[in-house]
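The structure appears right after this line, and notes come after that.
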Amino acid sequence: MSVRIRRVYEAPEPEDGVRVLVDRLWPRGLSKDAAHVDEWPKGLTPSTELRRWYHAGERSYEDFARRYEAELAAPEAAELLDQVRELTRKGDVTLLTASKSPEQSHAAVLARLLEA
């Protein structure tokens, strides 16, 4: 079982397994049919405040990751993280994001936590 990160705009691949959109907002210009999203746990995404803080300027990814992990400890987010973790026990999971830099996004934090 593996956890992958891909941009939601990329065409689905057979090895994606369960496709989980990990963005709070639906990706701009993409139809639901084209996205092939299986799960969309909106409560697992960073808060609006954290997203704005991170994108406001000279913020380090490490600080963002630490703050996001703290948010994931909240009961609703922790429950959703456990649900996605259960999916990874059953098979491959692909975390989908519209981020232009998935390796420096919340999706990378989620992947690391799911693989731990």
Within the 4.5 Å heavy-atom criterion, are L95 and T97 side-chain neighbours or not?
no

Donor-acceptor under 3.5 Å (R59 side chain, W53 main chain)
yes

Ring pair (Phe, Tyr, Trp, His ring centres under 6.0 Å) partners of residues 3-27, not counting sequence neighbours, each pair once
W26-W40

Return the minimal non-hydrogen interatomic distance between A111 and I5, and the atom names on each side.
CB-CD1, 3.7 Å

Cluster question for you: counting only ILVMFWY and a side-chain heavy-atom cut-off of under 4.5 Å, with indirect links fine, are V8 and V109 together?
no

Please answer: with hydrophobic residues joined when any side-chain heavy atoms are less than 4.5 Å apart, are Y61 and L50 in the same cluster?
yes

List the residues meeting side-chain hydrogen bond (donor to acceptor under 3.5 Å, both in side chains) with E39, not counting sequence neighbours, and say none if there are none.
none

What heavy-atom pair brings P27 and A98 nearest, and what distance separates the two atoms?
CB-CB, 4.3 Å

Output all residues satisfying side-chain hydrogen bond (donor to acceptor under 3.5 Å, both in side chains) with D33, sequence neighbours left out; order by chain, then residue number.
none

Listed partners of R7 passing salt bridge (charged side-chain N to carboxylate O under 4.0 Å, His left out), at least two apart:
none

Under 3.5 Å, sequence neighbours excluded: what are the donor-acceptor pairs made by side chains of residues 13-21?
from	atom 1	to	atom 2	distance (Å)
E13	OE1	R4	NH2	3.2
D16	OD1	R4	NH2	3.1
D16	OD1	R6	NH1	3.1
D16	OD2	R6	NH1	2.9
D16	OD2	E13	N	3.0
D16	OD2	R19	NH1	2.5
R19	NE	A35	O	3.3
R19	NE	H36	O	2.8
R19	NH2	A35	O	2.7

Does any part of the side chain of L44, heavy atoms only, come nearer than 4.5 Å to the side chain of L72, both counted from C-beta?
yes

Can you run down the salt bridge (Lys or Arg N to Asp or Glu O under 4.0 Å) pairs that involve residues 41-56, sequence neighbours left out, and say none if there aren't any?
none

Between S2 and D92, the two heavy atoms sitting closest are N-OD1, 2.9 Å

Taking V22 as the starting point, is it possible to reach V3 by hopping between hydrophobic residues whose side chains are less than 4.5 Å apart?
yes

Contacts of A34 meeting side-chain contact (heavy atoms from CB on, under 4.5 Å) (sequence neighbours excluded), chain-then-number -> L30, S31

Where at least one partner belongs to residues 101-110, residue pairs that pass side chain to side chain donor-acceptor pair (under 3.5 Å), sequence neighbours excluded
D23-H106

Within residues 66-76 or reaching into it, pairs that qualify as side chain to side chain donor-acceptor pair (under 3.5 Å) - sequence neighbours excluded:
S47-E71, D63-R66, E69-R112

To the nearest 0.5 Å, atom CG of L80 lies from atom CZ of R85 at 11.5 Å

Could you work out, with side-chain hydrogen bond (donor to acceptor under 3.5 Å, both in side chains) as the rule, every residue matching R89, not counting sequence neighbours?
E86

Are L81 and L96 co-members of a hydrophobic cluster defined by side-chain heavy atoms under 4.5 Å apart?
no

